[in-house]
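Comments concern the structure below.
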Amino acid sequence: MQTKLPYLEKASTGQQLVVDGEPFLMRPAELQNSSLSSAKFMKDVWPQLVQGKINTVLGSVSWEHIEPREGEFCFEELDEILQNARSHGLRLVLLWFGSFKNSTDNATTLKYTI
């Protein structure tokens with residue numbers, strides 16, 4: 001089953017975020033920089049977010065966790081985090097950080113909503 005990526009749709013009052021073909025109102029929370037790097041840590045956080053009526057979580061992913069050594073990629077931790085977010089009915093906005101973060105004007109970030 002192929003799902004369409006979220007997108008913005010022109011509306012009479014501006015733009016409307018559409019997710020899974022339906023208008024989507026984000027009720028987001030943002031995590032501290034390293035929180036999303038540990039599925040074990042997040043295990044106790046997911047239920048608290050749901051209890052707080054949060055439906056979207058913004059969290060950072062550092063490339064050093066995905067490629068701990070040059071040419072060696074490890075997505076298991078991130079895959080588990082994605083699975084756990086989905087199992088709690090939460091959407092994620094991942095902030096991908098490249099080599100530099102919060103230090104120079106050449107910081108690489110990619111925002112992608114899942």
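All values below were derived from every heavy atom in this structure, side-chain atoms included, with hydrogens, water molecules and symmetry-related copies excluded.
- Residues passing the salt bridge (charged side-chain N to carboxylate O under 4.0 Å, His left out) test with E72, sequence neighbours excluded: R69.
- Q32 is linked by a side-chain contact (heavy atoms from CB on, under 4.5 Å) to S35, counting only residues two or more places apart in sequence or in another chain.
- Legend: residues meeting side chain to side chain donor-acceptor pair (under 3.5 Å) with E30, ordered by chain and number and at least two apart, are absent.
- Judged by a 6.0 Å distance limit and a 45° cone about the ring axis, K43 is not positioned over the six-membered ring of F41.
- Every residue was checked against the side-chain contact (heavy atoms from CB on, under 4.5 Å) condition with L25, not counting sequence neighbours, and none meets it.
- Looking only at side-chain heavy atoms (C-beta outward), V18 and L8 stay at 4.5 Å or farther from each other.
- Ring geometry for F73 against W63 counts as perpendicular: the plane angle is over 60°, on a 0 to 90° scale with 30° as the lower cut.
- For the atom pair L36 CG and L92 CG, the distance stands at 6.0 Å (nearest 0.5 Å).
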Are L31 and M42 close enough, and set up right, to give a side chain to side chain contact (heavy atoms under 4.5 Å, CB included), and what steps lead you there?
CA-CA 10 Å; L31 301 172; M42 288 302 297; 3.7 Å; yes
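- Taking the side chain as every heavy atom from C-beta outward, L82 and F75 never approach each other to under 4.5 Å.
- In terms of the side-chain contact (heavy atoms from CB on, under 4.5 Å) criterion, residue partners of F24 (sequence neighbours excluded) are, by chain and number, L17, V19, M26, N55, T56, R91.
- Scanning both residues, K53 and R27, for their nearest heavy atoms gives O-NE, 2.7 Å.
- Here the closest non-hydrogen pair linking K10 and Q15 is N-OE1, 4.0 Å.
- Applying the side-chain contact (heavy atoms from CB on, under 4.5 Å) criterion to E80, with sequence neighbours excluded, gives A39, N84.
- Residues passing the side chain to side chain donor-acceptor pair (under 3.5 Å) test with Q48: none are found, sequence neighbours excluded.
- Under a cut-off of 6.0 angstrom, the local environment of CD in Q83 is sparse, with at most 12 non-hydrogen atoms contributed by other residues, nucleotides or ligands.
- A 4.5 Å side-chain heavy-atom check between V57 and L49 finds at least one atom pair inside the cut-off.
- Going from atom OG of S37 over to atom CG of L78 covers 10.5 Å, rounded to the nearest 0.5 Å.
- Nearest heavy atoms, L58 versus P28: CD1-CB, 3.6 Å.
- Across every non-hydrogen atom of H88 and V50, the tightest pair is O-CG2, 3.5 Å.
- Distance OG/S60 to CG/L94: 9.5 Å, rounded to 0.5 Å.
- Judged by distance alone, the side chain of S62 and the main-chain N or O of H65 form no donor-acceptor pair under 3.5 Å.
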